[in-house]
Amino acid sequence: MSRKEQSPVIPTDSAQRAGIIGLGRRGLIQAVLSGLNPKVKVTALYDPDERFIPLFEDSPVKSIFYSDLPVMLKTAELDVIFICSEKEAHLSAVQECLTGNIRIYVDTPPAESLDSMTKMANAGAGTDGPHVLGCVYPYKAVFKEAKRLLDGGILEKIKRFRASLYVTRSPFTQKNRQQRGILINTGFPLVHLLHWYFGPPAYVYSRMSQENKNPEKSVSLLINYDTGLLGLVDMSWNRPGYPKPTAALTIEGTRGIMEVSEESLKLFLYRSFGHFNKGWTTLCLTDLDSTEPVFYCEEGLYAAHQNFISADPAIFNNKITWQDGCDVMRTIQAAYLSAESGRPFAFNEVR
Amino acid sequence: MENLDPIILGSNPFEGVGYLSSSQTRHYQEFFSKVENIIPILDASFKLGITSFMLSNNDNIMEAVKRFSSSKNMTLLPVIPNAYDYARESTEKGVLGTVLSKAKRIDLYRKVRMGLRALKKIHGIISKDLLTLLTNLMDFEMASFEKYSFKAVILHGQVTDLALSSNNPEIISFYQDMVRERYKALPVLATHNFGSLLPRLMEWKIKIPVMAPFNAKGFIMKPSKEECEKLLQKTDYTIIAKKVLAGGRLTPEEAFPYLADKNVHSVAVGIGSLPEAYHTLSVAKQLFQAK
């Protein structure tokens, strides 16, 4: 296929040519965000599922749809690519893409194991990049503000936190035990958020509920840090009333308590700090509305997308690298090993 | 084509959507899971003369409408498709899996209700592109509203913005024609990207009412509050404001005066409790019924 035959979604003069691997929900979201970003034009879509082909017949999309990845990479001359397929397919897709000097955005979870994640990070280390992971919490206004306040020492010494992640899923999930359950598939961005806030843990102890050949549907983690910080994390696919994955944190420090959720940040201080008075202060999402010029599906998605596309060092301050992914995956792997062995696992013990 | 009422009751709280705090969202999820908690708000709204109700094809809300004694005198404004259901299902089955499973449901539905004519339709669906297939799924969703009076059909913002991003005026034209011809109703586009959509509609020469966030805090006014206001001031399109209370962060007394002198035809407002219904809708009426 020649480049002339390709049909850019929104043509602009200096747009980066983008490809999308995997046309699941997250792939389509990236397609929409790319379409709304004047600095990007989608010139290639890839999904190995051939059932897509008849759906694209008589559509302008047909001209840019590929069911063969090497053919796409050889033909489409891409600048950036969004990998949004199943996590088991990410490493091979990354390895193929790296041969073409393409900047890569990998959706979460980025890999099925620490081994794969490490191979991905090593493969990307010698290339231009920057390559990123699609963790979205650092781009959400409330979580970003919480990080700013924590870094400013608003809670003084942080002693404890409790984090939760709940979603109501149908009992008929498609995952099998090998593909794992909530911890890696839904919990990866939350574990990344904990790394972003508190750094790597010292020890992880976990218990998981598993039935028959099903993957874990609920997880409890006890996380120790070298600073003495202790964290409790609870995740479940079985909580009613959570149509989408919903994370929340309560962080306790010597100066007060902070409750953080997608919608608001509530602060209770035992004594005043800066312009925050003693007692309760509430900051709502609507007070912190981000400056994203585009909104699609959820806050933060466009900012993450745009941050990757721009790769401008001046604004590329929240980049989430594949090395970060290794740290997150090490914590997750420690949790799985702990659940299997019944003992705590040290972060550095996991290789 | 009839005009839309100046005040429209929204259904976000009934669907468990809140922006103020996680506890409010949880409260909405739990409280409005009981149909009997939705009906008094419909009733209060109706008694205050707010008879237009914007809603998704959500089981609880549809059941409340069914049980509400004055529902035949209300005007429904269906929002299609029910994006929350699609999003949830597509997370588990993938987009293609969701679409195909919905298509199977259409098959069953139409086999029962429409006989052989439906089978031709299904063949048509499979040979068309993905966006057209999604549009046909909306047709399936509209079946739930057939027994009620509806004046307009609102295309969900996620689908409008998908059409916008794919530079696809055909889907909007197709949707517009389908709503006007098949349902004899006013097509409306919801969007979260007003500043991108309106210029594009003008470029495409598609004149259609648009529903978009407008509020004093600039909450979800994209690309910016200033740009949205500038476009709003100059446009001759029918504009319906939503998220007028900025997700509950503004009081009605703060929120509605901001909109009173704006070029908006109607406002849609979600209500989370009975006292809120009387308070919010009364303030809205003072400023908008007389407009």
Side-chain angles (χ1 to χ4, degrees), chain A residues 7-11 22-28 31-37 42 47 49 51-52 54-62 167-170 172-174 186 240-246 248 259 261-264 266 282 284-287 289 291-297 299 302, chain B residues 15-16 18-26 29-30 33 83-100 126-133 157-158 161-162 164-168 192-193 195-196 213 215 217-224 227 243 246-250:
Chain A
S7 170
V9 175
I10 295 181
L23 294 181
R25 179 169 173 262
R26 304 302 289 265
L28 285 183
V32 172
L33 297 175
S34 300
L36 294 170
N37 186 342
V42 176
D47 197 292
D49 190 338
R51 290 182 300 168
F52 273 109
L55 294 175
F56 288 142
E57 274 173 14
D58 307 323
S59 154
V61 177
K62 185 188 175 189
V167 61
T168 317
R169 286 188 65 142
S170 110
F172 307 105
T173 57
Q174 287 187 318
T186 313
Y242 292 92
K244 57 176 189 155
T246 304
E259 295 176 3
S261 68
E262 303 243 353
E263 299 89 353
S264 66
K266 288 176 192 281
T282 301
C284 287
L285 171 63
T286 43
D287 301 320
D289 191 17
T291 51
E292 290 175 282
V294 166
F295 181 95
Y296 193 69
C297 284
E299 185 225 355
Y302 186 78
Chain B
E15 294 178 59
Y19 297 96
L20 216 48
S21 68
S22 53
S23 52
Q24 184 204 50
T25 306
R26 287 288 297 150
Q29 286 279 345
E30 185 189 336
S33 69
Y84 292 105
D85 264 10
Y86 279 86
R88 183 164 53 231
E89 284 197 35
S90 65
T91 303
E92 294 178 11
K93 299 176 186 169
V95 171
L96 187 59
T98 303
V99 167
L100 293 178
I126 298 304
S127 63
K128 286 178 183 173
D129 67 49
L130 187 62
L131 296 178
T132 310
L133 176 53
Q158 287 187 14
D161 291 341
L162 188 146
L164 168 70
S165 79
S166 57
N167 205 16
N168 194 337
H192 287 126
N193 295 287
S196 304
N215 55 74
K217 287 188 87 73
F219 181 53
I220 317 188
M221 289 172 66
K222 304 295 179 186
S224 68
E227 285 191 52
K243 305 231 181 322
R249 195 60 172 153
L250 296 169

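Since the model is a prediction, treat every value here as computed from it, not as a measurement. Naming: A, B, ... by sequence-line order, numbering from 1 per chain.
- The shortest heavy-atom contact between Thr286(A) and Ala246(B) is CG2-O, 2.9 Å.
- Looking only at side-chain heavy atoms (C-beta outward), Tyr296(A) and His192(B) stay at 4.5 Å or farther from each other.
- When side chains are defined from C-beta on, Gln29(B) counts as touching Pro243(A), because their heavy atoms get closer than 4.5 Å.
- Looking at Pro245(A), there are no atoms closer than 4.5 Å to chain B (heavy atoms on both sides), in backbone or side chain.
- If you take CE on Met221(B) and CZ on Phe295(A), they are separated by 14.5 Å, rounding to the nearest 0.5 Å.
- For the set Thr246(A), Val294(A), Asp47(A), the count of heavy-atom pairs under 4.5 angstrom toward chain B peaks at Val294(A).
- Distance NZ/Lys266(A) to OG/Ser23(B): 5.5 Å, rounded to 0.5 Å.
- The shortest side-chain heavy-atom distance between Arg249(B) and Leu285(A) does not fall under the 4.5 Å cut-off.
- The heavy-atom pair separating Glu292(A) from Lys222(B) by the smallest distance is O-NZ, 2.8 Å.
- With a 4.5 Å cut-off on side-chain heavy atoms, Arg26(B) and Tyr242(A) count as touching.
- When heavy atoms are compared at a cutoff of 4.5 Å, Ser33(B) does not approach chain A at all.
- Contact of Ser224(B) with chain A is not made at all, since no heavy-atom distance falls under 4.5 Å.
- Only the side chain of Asn193(B) comes within less than 4.5 Å of a heavy atom in chain A; its backbone stays farther off.
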